[in-house]
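Whatever order the structure lists them in is the order used to number ligands and atoms, beginning at 1.
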Amino acid sequence: MINVTIDGIAVEVEKNTTILEAAKKLNINIPTLCFMKGVNEPGSCRVCVVEVEGWRGLHPACVTKVSEGLVVKTSTGTVREARKNILELIMSNHNRECLSCSRNLRCELQTLCNDNGIDRLPYNGKVEKGCIDTSGPIVRDPNKCVLCGRCVSVCSKIQDVGVIDYAYRGAHMTVTTAYEEGLAGHDCINCGQCIKACPVGALSERDDTAKVWKALENQDLHVVVQTAPAVRVALGEEFGYAPGTNVEGKMVTALRRLGFDRVFDTNFSADLTIIEEGNELLDRIKNGGKLPMITSCSPGWIKFCEHNYHDFLENLSTCKSPQQMFGAVAKSYYPIKADVDPKNVFVVSVMPCTAKKYEADREEMQVDGLKDIDAVITTRELARMIRQAGIKFNELEDGKRDSILGAYSGAGTIFGNTGGVMEAALRTVADKLTGKSLDAIDYTAVRGLAGIKEATVSIAGMDIKVAVANGTGNASKLLDRVKSGEAGYHFIEVMGCEGGCINGGGQPIIKDKNTTDEVKAARIKGLYDIDKACVTRKSHENPEIQKLYAEYLGEAGDHLAHKLLHTHYIA
Ligand code: HC1
Ligand code: SF4
C-alpha cells in the first residue's frame, strides 16, 4: 500500500492508483473532461491538473500514478487559474449556441465552466470546423466537438467498430470519418454509444419528435405506441428518479396524455419473438440446421455482423426483432380486432436504442407495402415530448396498458438486458422439450455484466451449450473463437451495447461517467424486479400471445408467421 496526502488529508491506496482515484477515496472531486472510466484516459484535455509538492509544473490527475509520500494539492490558486485558462481555450474553439443545444443543462463543459467561474470569454473566435452530419440516425456536429476522444475510444475499443478518429493537426484538428463522409455511408452500426460518451452536444440522435407530433395531430390516423423493455427502468432518471426505478405506470399515463390512441408494449412482442425463435432453435437442433443460432433482435449487432462476419449470416435467427414483430402484427392482426384500416395505423416505437431508427427504415422491414414501424423515438426524446407538453410526470397516476398487444411475461421484460433474451428463450425451450411447466427458471449463469458468459444447460437429456456476448466488441472475440473451432455452441445471444438495451444509445445520459456500472446494474435490477413480480414469467404462457396464435397466426413458423415475423440479411 502507498501513503499519500491530498489537500492535507492522508490516505492509503493500492500501488498503481492514479491521483484522481486516490482523491475520489477522500470524496475530493477533481474535475475531468476527457477521462472516462474504463474507456479513455489519455490525459489530453488537462482539466484535471493538480500540483504535487516538489514536482515542477502541473500534472494531470487522471494519468499520474501515486508514489510513497506524495503530497498533492487539487485546488490551489495556480491550479484554479490553469483550469480556468484551459476551459476558456476549449470554449473559444467550441460552438457556443448552448440555448439551442440538445445537451443544454446536461453538458459537462457547461457545468465545468460554471463551476470554475467562467462568466465571460476572453477569446471569441467563430467556430467553423465542418458541416453537421445528418446522413443517418447519429448526428455529428464537429463545431461542438471538444476533442476529448471519448467517442473515438468507445467506438474502437468497446464496440470494435472504429469509424471515427482524429484528423488534421493543431487548430484544424477534428474528429471525423474516413474521407469525411457521413456516418451512414460507413460501417457505423448506429449504436449511439458515442452519443453517451460525448460530454457535450457534438453527438446526438436524429430528432424524430416532430414526426410523432404531426401524426398525433392527424385525425385520420390511429396512432399506437410501443415501449421497449428497458425504457421503463430509465425514463424516470429524466425526471429525478433513481436509476432502475420502474416508472411504467406513469409512462403509460403520460403517453395517453400525449394523445396516443393505444398504449402497447414491446415486452408483448418480445414474448412473440421467443415463441418464433425458440421454435427455430429446436427446429435447427432437431433437423440439422445451421448452428450456433445467433439472436437477431439488436439492430446494431445485425449491421456489425453484415459488415464484419459474413460467414455467420446464416447463423442469425431469421426472426425479426420484437420492435418489428410488433409493427407487423399492429398492422395485420390488430386492425382486424380493432376494426380500423391498416393503412391508417401509425406505429410509434419508444426505444432505448438509436439503431432502432435505422432498423425501422430497412427496406425489408415491411409487409405488403406497409412499413412495420412509422417512427422511432428514444427514451430521451420521449422525455422531451413529455416536458414539451407540460406534463408533470412525477405527479401522474399509474396507468395500465391497452389490450390486445399489451400483456407481457417476465421473460419479455428481461429482454432489455444482456443475457435476458437467452434466459427468456431457455425458459420456453425447456418447457417445450420436457413437456412440463418447470419451476426452476432462473438461469443465473447468463446474467450479469461479464463480457462473455457461457453455460451448458441440461434439458430432457440434451446438453444445450449457450453463450452470451455483451456488446459488439465481445461478439468479435466470441465469434473469432467459434470460427477457429476453439468454442462451439447451440445458441448465442449478442446485444450491440454493453449491458444490453438498458445501456442503449438512446437512454438518459449518465452525468457522472464514473458511475456507469452502478447505473447499468440498477437498471438491470429494475427489470429483474419486474420479472419476479409478473403473473407469468414465461413467454408461451402470455395469454395474449396464445390468443394471437389461436385466432390468427396458427402455429409458430407457419406461413403467416413467416411472412409477418421473419426476415433476411444482407451480405
Ligand atoms: Fe431492446 Fe428488444 S430488448 S432490442 O434491447 O429485443 O432497443 O429494451 O426493445 O426490438 O423487446 C432495444 C430494449 C428492445 C427489440 C425487445
Ligand atoms: Fe461508432 Fe456506434 Fe457511434 Fe457509430 S454510433 S460512430 S458505431 S460508437
| Test item, Gly504 contacting ligand 1 (heavy atom, 4.0 angstrom) | no
| Under 3.5 Å donor-acceptor, Thr472 side chain and Trp301 backbone | no
| request: Would you check if the side chain of Thr379 reaches a backbone N or O of Gln507 as a donor-acceptor pair within less than 3.5 Å? | output: no
Which atoms of ligand 1 have any heavy atom of [X] under 4.0 Å away?
| X | result |
| --- | --- |
| Met351 | 7 (O), 9 (O) |
| Cys297 | 4 (S), 6 (O) |
| Pro322 | 6 (O), 10 (O), 11 (O), 15 (C), 16 (C) |
| Ala270 | 11 (O) |
| Gln323 | 10 (O), 15 (C) |

| task | Verify the distance test for Cys155 against atom 4 (Fe) of ligand 2: any N/O/S atom under 2.8 Å, yes or no. | result | no
Looking only at protein heavy atoms, which one is nearest to [atom], and how far off is it?
| atom | result |
| --- | --- |
| atom 7 (S) of ligand 2 | Ile189 N, 3.4 Å |
| atom 9 (O) of ligand 1 | Ala228 CB, 3.0 Å |
| atom 8 (O) of ligand 1 | Ala230 N, 2.9 Å |
| atom 3 (S) of ligand 1 | Phe415 O, 3.2 Å |
| atom 7 (O) of ligand 1 | Cys353 CB, 3.1 Å |
| atom 2 (Fe) of ligand 2 | Cys191 SG, 2.3 Å |
| atom 4 (Fe) of ligand 2 | Cys188 SG, 2.4 Å |

| query | For ligand 1, which part of Lys356 has a heavy atom less than 4.0 Å away: the side chain, the backbone, both, or neither? | reply | side chain
| message | Just to be sure I read this right, does ligand 2 sit under 4.0 Å from the backbone of Val161, its side chain, both, or neither, counting only heavy atoms? | response | side chain
| message | Tell me the contacting part of Val163 for ligand 2: side chain, backbone, both, or neither, using a 4.0 Å heavy-atom threshold, strictly below. | response | side chain
| query | If you draw the axis of the six-membered ring of Tyr408, does the NZ or CZ of Arg232 fall within 45° of it and under 6.0 Å from the ring centre? | reply | yes
| query | If you round to the nearest 0.5 Å, how far is CD of Gln323 from CD of Glu359? | reply | 5.0 Å
| CE-CD1 distance between Met293 and Ile492, expressed to the nearest 0.5 angstrom | 11.0 Å
| said: Using a 4.0 Å cut-off to any heavy atom of Cys194, which atoms of ligand 2 qualify? | reply: 3 (Fe), 5 (S), 6 (S), 8 (S)
| In ligand 2, which numbered atoms sit nearer than 4.0 Å to a non-hydrogen atom of Gly192? | 2 (Fe), 5 (S)
| note | Out of Pro229, Ser349, Gly506, the nearest non-hydrogen contact to atom 14 (C) of ligand 1 is supplied by Pro229
| request: Show the numbers, then the answer: is there a side chain to side chain contact (heavy atoms under 4.5 Å, CB included) between Glu237 and Val519? | output: CA-CA 10 Å; Glu237 290 162 43; Val519 172; 4.2 Å; yes
| request: Report the residue from Asn503, Ile524, Asn470 that forms a side-chain contact (heavy atoms from CB on, under 4.5 Å) with Asn417. | output: Ile524
| note | Which of Val163, Asp133, Asn190 passes side-chain contact (heavy atoms from CB on, under 4.5 Å) with Ile138? Answer is Asn190
| Counting backbone and side-chain atoms alike, does Cys501 have an N/O/S atom under 2.8 Å from atom 1 (Fe) of ligand 1? | yes
| What's the verdict on side chain to side chain contact (heavy atoms under 4.5 Å, CB included) for Arg537 and Asp442, showing C-alpha distance, side-chain angles and the deciding distance? | CA-CA 10 Å; Arg537 297 177 64 203; Asp442 289 334; 2.7 Å; yes
| Passes side chain to side chain contact (heavy atoms under 4.5 Å, CB included), Val466 versus Glu454? Steps please. | CA-CA 6 Å; Val466 302; Glu454 296 170 292; over 6 Å; no
| request: Using a 4.5 Å cut-off on heavy atoms from C-beta on, say whether the side chain of Arg103 contacts that of Ile509. | output: yes
| request: Look at the aromatic rings of Phe393 and Tyr241 and report parallel, tilted or perpendicular, splitting at 30° and 60°. | output: perpendicular
| field | Steps toward salt bridge (Lys or Arg N to Asp or Glu O under 4.0 Å) verdict (Lys303, Asp187) | value | CA-CA 8 Å; Lys303 194 159 187 270; Asp187 284 1; over 6 Å; no
